[in-house]
Visitor: 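Just passing along the structure, written as structure tokens.
This structure is a prediction, so every number in the text was calculated from the model and none was measured.
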Amino acid sequence: TLPLFPVELGVLLRADHPLVREFRGEAPSMERFLDYKRFGMTVSTDLHAASWDRQLLGDDPEVLAQVVCSSKNGNDFMDVLERTDFLMFVPKRGALSLLPRYNLVWIPLPEALPKPKVRNIVLAWGEMRQRDPAHQWLRGLIRDWARESEAELPKKEALMRSLMEKNFD
């Protein structure tokens, strides 16, 4: 396996969302966070880890009922997130990649939430492919992409911060 980058989970929401204004782009309180409905992203076939919501909030039916729709592809919800007060748990890198196309921002998780189980995104392959030249080439491309995108993070984070600050009172 090859570690690519860490997973920093947070909340994706529109740049002028009430939580962005109220908490000035910082982590919202758990109480205020739970005032809003969410979209869910399916990330595992294990029932208890099936979504970021289940991993962070557990199996409480009342809390899970706030997830109005789930998908394996979080991009399915971007247009609606941009136009509503819905929220969605996403890794920060994914949120930063959306900046050029959507008026969405990423804020940290409420402090009361546990840290997610997944700590890193890794590239995995079978032993029989370890020395395969085509596989080595492809792994190299993916590794290089991960390193290059790491270097771009400060610029993207600054852009996201400026989007949020436009909406501060």
Side-chain angles (χ1 to χ4, degrees), residues 4-122 146 149-150 152-169:
L4 294 176
F5 43 82
V7 172
E8 186 179 356
L9 204 58
V11 181
L12 186 66
L13 62 175
R14 63 186 168 86
D16 61 343
H17 192 284
L19 289 179
V20 172
R21 288 193 304 271
E22 183 177 345
F23 293 93
R24 303 188 65 77
E26 299 301 322
S29 69
M30 189 66 175
E31 180 182 58
R32 290 289 290 126
F33 171 80
L34 291 174
D35 286 343
Y36 295 93
K37 301 279 187 191
R38 296 182 307 282
F39 291 126
M41 187 163 54
T42 305
V43 294
S44 172
T45 56
D46 173 9
L47 174 64
H48 298 292
S51 68
W52 296 122
D53 290 87
R54 280 188 183 274
Q55 288 184 33
L56 298 172
L57 298 166
D59 293 325
D60 180 344
E62 191 173 310
V63 174
L64 288 177
Q66 291 179 297
V67 177
V68 296
C69 188
S70 293
S71 175
K72 291 181 182 178
N73 184 349
N75 290 331
D76 293 343
F77 302 123
M78 298 308 117
D79 288 326
V80 179
L81 272 174
E82 196 174 41
R83 292 171 175 80
T84 66
D85 284 345
F86 285 103
L87 311 172
M88 186 171 156
F89 290 129
V90 299
K92 188 175 194 178
R93 277 180 171 261
L96 291 174
S97 72
L98 298 168
L99 283 177
R101 295 179 293 279
Y102 298 99
N103 190 31
L104 299 170
V105 296
W106 181 95
I107 60 173
L109 294 173
E111 295 291 329
L113 286 176
K115 299 297 177 213
K117 296 174 184 175
V118 176
R119 301 274 188 248
N120 290 291
I121 297 296
V122 298
S149 67
E150 185 79 24
E152 295 175 11
L153 285 179
K155 184 172 68 172
K156 288 183 176 183
E157 287 172 338
L159 174 61
M160 184 174 60
R161 188 74 193 167
S162 70
L163 277 173
M164 284 191 280
E165 288 174 352
K166 289 178 185 176
N167 298 293
F168 294 167
D169 295 331

Visitor: Are the side chains of Glu22 and Arg32 in contact, using a 4.5 Å heavy-atom criterion?
Guide: yes
Visitor: Would you say the side-chain atoms of Ser71 pair up with the backbone N or O of Gly74, donor to acceptor, closer than 3.5 Å?
Guide: no
Visitor: On a heavy-atom basis, which atom in Lys37 and which in Ala65 lie closest, and how many Å separate them?
Guide: NZ-O, 4.4 Å
Visitor: Going by an N to O cut-off under 4.0 Å, is there a salt bridge joining Arg93 and Glu8?
Guide: no
Visitor: Taking side chain as C-beta onward, heavy atoms only, is Ser70 less than 4.5 Å from Phe39?
Guide: no
Visitor: Would a distance-only check, ignoring hydrogens and angles, find a side-chain to backbone donor-acceptor pair under 3.5 Å from Glu82 to Asn103?
Guide: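 Yes, Glu82 side chain to Asn103 backbone: donor-acceptor pair under 3.5 Å.
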Visitor: How about Ile107 and Leu13: do any of their side-chain heavy atoms sit closer than 4.5 Å?
Guide: yes
Visitor: In Å and rounded to the nearest 0.5 Å, what is the CG to CZ distance from Asp60 to Arg54?
Guide: 10.5 Å
Visitor: Under the 3.5 angstrom rule, does the side chain of Glu111 hit a backbone N or O of Ser29 as a donor-acceptor pair?
Guide: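 Not confirmed, Glu111 side chain does not pair with Ser29 backbone.
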Visitor: Between Val43 and Gln55, is any pair of side-chain heavy atoms under 4.5 Å apart?
Guide: yes
Visitor: Sub-3.5 Å donor-acceptor pair from the side chain of Trp52 to the main-chain atoms of Leu9, do we have one?
Guide: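 No; judged by distance alone, with no hydrogens or angles, the pair does not exist.
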Visitor: To the nearest 0.5 Å, tell me how far Leu96 CG sits from Leu104 CG.
Guide: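 Leu96 CG to Leu104 CG: 11.5 Å, rounded to 0.5 Å.
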Visitor: With a 4.0 Å cut-off, would you call Arg14 and Asp85 a salt bridge?
Guide: yes
Visitor: Can you measure from OH (Tyr36) to CZ (Phe86) and round to the nearest 0.5 angstrom?
Guide: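 Reported value, rounded in 0.5 Å steps: 12.0 Å.
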Visitor: Distance-only, no hydrogens or angles: does the Arg38 side chain make a donor-acceptor pair with backbone N or O of Phe89 under 3.5 Å?
Guide: no
Visitor: Under a 4.0 Å threshold between the charged nitrogen and the carboxylate oxygen, would Glu157 count as salt-bridged to Arg161?
Guide: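 No, Arg161 and Glu157 are not salt-bridged.
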Visitor: Are the side chain of Arg83 and the backbone N or O of Asp79 linked by a donor-acceptor pair below 3.5 Å?
Guide: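 It does hold such a pair.
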